[in-house]
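A note on names: the letters A, B, ... follow the listed sequences, proteins ahead of strands, and every chain is numbered from 1. Computed from a predicted model, the values in this text were never measured in an experiment.
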Amino acid sequence: MTGLSRDLICLRASKELKPGMYVNLGIGLPTQVANFTPEGVILHSQNGVLGFGPIASEDEMDWELVNAGAQPITLQPGISFFHSADAFVMMRGRHLDVAILGAYQVSATGDLANWRTEREALGAIGGSMDLAYGAKRIIVICEHTDRDGKPRIVKQCTLPLTAKGVVNTIITNLCLIEVTSAGLELIEIAPGISIDYIQRFTEPKVILSRDLKEMEF
Amino acid sequence: MSEVNKVVATPSQAVAGIFDGAVVGIGGFGAAGTPYRLLLALAEQKPKGLTVVGTSPRQFEFLIQSGCVKKAITPFARYADPAAPNPLLEPYLKGELEVEILPLGNLVERLRAAGAGIPAFYCPVGIGTIVEEGKEKKTFGQQECILEYALPLDFALIKAHKGDRLGNLVYRMTARCHNPVMAVAAKTTIAEVDEVVEVGELDPEAVVTPGIFVHRVVKAERPPLDWVYRGIKVARKT
């Protein structure tokens, strides 16, 4: 993959998280952000757990303590368990500060498609629509292009939508983009990547931020 | 009160009477909180034409393999990992299985509403997506909403950690998940537990599902490890 590795995408995303924030990490690549989460960030999972510790190693594993992506997680002081009606109150009632979600497509106006590809007869909505509606800020992390090399950041989503106009920030292996009322604003570029290269693999025209800079870690 | 005893001896007795065409909710999320022994017992009894309500293919696989299922209502019509073998796919493609896919929060709220005596509610999640297709809509302030109907269950099959003969239940960690919500939505709630305890042993401050929502309790062996660990993604340490 050109630009950032998947781990570096997660590391960059983790820098958006601050102590005291309540954060949900979506299924797929976003769950890996837990490996880099700063201390004091309180992680939420839709299967009814708040304030869990790092991903469990094999010897720490308990099959009744998992996140929404079926990854074993760990106990830590301050953790709480609750049933899913409360878990979704947190998600839909605007109690979460940030949700980090994966994406198949994101549009120029922040529409998100992340639950079914065109190859699939059946999809997995899970809690993605609930998070997309309810979290105060939506950060999408994904590879800049799909497995056929086509842009995931598109003028209009062609895949079934998760929600309209919800994405705030997109972090890929090439760059960090903010979705603004004026359009997609290119804020940061991965080391060694040119603006032309990013534009070539991004369907809508990007606006260059006045503060455009190289991504730092 | 002393004569109330909801404890039954075996999983087969616990699922007796689940009739053809029943709407059956199944608790759990992945393996955690899934009533494995009840599902096996029900698959052996082979009722026909069930509508099953759950959260992932894991909850449905035994019943689908036994030919019991007409329709599945679920937010995960495949596993989160698209490459994992999906028990719903083949019967769906053959036209033998109807699938309703919906946001997990909408499912939870439809179940909660059914348990709370609320026949329908307006909900903003799913606006602009396939979720709104064919449904009544109404706008509150700037917020467009979809009319969603309660989802009452004939039976709920749930898994708890400990229960007493009155039906009071406590859970263990994330095996709680959807079980308490399934419990309130059903006419008959059947709980598989790791341990049956004496009345008075459960800390009343810690009871999550009070006995009023629970009709049968059965102690069952924990599921085999190869089943619970299937699909678990071991950490990639960095």
Side-chain angles (χ1 to χ4, degrees), chain A residues 7 10 27-28 31-32 35-36 45-49 52 54-58 60-73 75 79 81-85 87-88 91-92 111 115-117 119-134 160-165, chain B residues 29-33 55-56 74-82 86 88-89 92-93 99 101-109 111-112 123-131 161 171-181 183-184 208-209 223 225 228-229 231-238:
Chain A
D7 276 345
C10 292
I27 292 171
T31 53
Q32 299 293 335
N35 291 333
F36 307 101
S45 190
Q46 65 200 43
N47 52 332
V49 55
F52 52 90
I55 302 296
S57 60
E58 212 160 347
E60 296 169 315
M61 206 156 76
D62 183 317
W63 64 279
E64 289 185 319
L65 181 56
V66 292
N67 65 18
Q71 269 185 319
I73 51 177
L75 294 170
I79 194 170
F81 299 111
F82 36 88
H83 57 63
S84 52
F88 281 88
M91 293 158 76
R92 294 149 64 111
D111 295 353
W115 69 271
R116 203 183 79 199
T117 64
R119 293 179 175 83
E120 295 179 298
L122 292 168
I125 294 176
S128 61
M129 289 189 184
D130 305 289
L131 286 167
Y133 165 74
L161 285 186
T162 305
K164 294 187 84 154
Chain B
F29 196 74
T55 53
S56 92
T74 178
F76 288 95
R78 59 156 163 79
Y79 286 103
D81 173 5
N86 180 2
L88 281 72
L89 187 60
Y92 173 75
L93 292 175
V99 176
I101 184 162
L102 75 181
L104 185 40
N106 287 19
L107 172 62
V108 166
E109 196 63 19
L111 292 165
R112 206 196 66 79
C123 175
V125 174
I127 283 291
T129 76
I130 63 149
V131 174
H161 184 44
Y171 300 87
R172 185 169 175 271
M173 301 196 286
T174 56
R176 182 183 307 193
C177 57
H178 308 284
N179 285 301
V181 183
V184 305
V208 173
T209 298
L225 288 180
V228 301
Y229 282 122
I232 291 234
K233 294 177 196 142
V234 179
R236 193 163 54 84
K237 285 281 179 191
T238 47

- Kindly say whether B/G105 contributes a backbone atom to a donor-acceptor pair with the side chain of A/D130 at under 3.5 angstrom?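 Yes.
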- Item | Test item: B/T174 side-chain N/O and A/V66 main-chain N/O as donor-acceptor pair under 3.5 Å |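 Between the backbone of A/V66 and the side chain of B/T174 there is a qualifying donor-acceptor contact (under 3.5 Å).
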Under 4.5 Å heavy-atom distance to chain A, tell me which part of [X] shows up: side chain, backbone, both or neither.
X	result
B/R112	side chain
B/R176	side chain
B/N179	neither
B/F76	both
B/L93	side chain

- Per-residue contact mode, A/L65 against chain B (heavy atom under 4.5 angstrom):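 Interface part for A/L65: both.
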- Query: Side chain, backbone, both or neither: which part of A/T162 has an atom under 4.5 Å from a heavy atom of chain B?
  - Reply: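 Contact with chain B involves the backbone of A/T162 alone.
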- Message: Using a 6.0 Å cut-off, check whether atom OH of B/Y79 has over 12 heavy atoms from anything other than its own residue.
- Response: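 Yes, the 6.0 Å shell around OH holds more than 12 heavy atoms from other groups.
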Any idea which of [options] has the most non-hydrogen atom pairs under 4.5 angstrom with chain B?
options	answer
A/A163, A/G123, A/A68, A/P160	A/G123
A/E120, A/R116, A/E64	A/E64
A/G48, A/A85, A/G127	A/A85
A/R92, A/M61, A/M91	A/R92
A/R119, A/M129, A/K164	A/M129

- Message: Minimum heavy-atom separation for A/W63 and B/A31, please, with both atom names.
- Response: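 Minimum heavy-atom contact is CZ3-O, 3.5 Å.
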- Message: At a heavy-atom distance under 4.5 Å, which candidate from B/D81, B/V108, B/I101, B/V99 has the highest pair count against chain A?
- Response: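 Looking at each of B/D81, B/V108, B/I101, B/V99 in turn, B/I101 comes out on top.
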- Item | Heavy-atom pair count under 4.5 Å with chain A, highest-scoring of B/N106, B/N86, B/L107 |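 If we count pairs closer than 4.5 Å to chain A, B/N106 comes out on top.
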Below 4.5 Å, heavy atoms only, C-beta onward: do [X] and [Y] meet side chain to side chain?
X	Y	value
A/Y133	B/P103	no
A/Q46	B/F29	yes
B/V181	A/F88	no

- Message: Using the rule given for side-chain contact (heavy atoms from CB on, under 4.5 Å), can you reason through B/T209 versus A/H83, listing the C-alpha separation, both sets of side-chain angles and the distance that settles it, and then say yes or no?
- Response: CA-CA 10 Å; B/T209 298; A/H83 57 63; over 6 Å; no
- Message: What's the separation between atom CE in B/M173 and atom CG in A/L75, rounded to the nearest 0.5 Å?
- Response: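 Rounded to the nearest 0.5 Å, the CE-CG separation comes to 5.5 Å.
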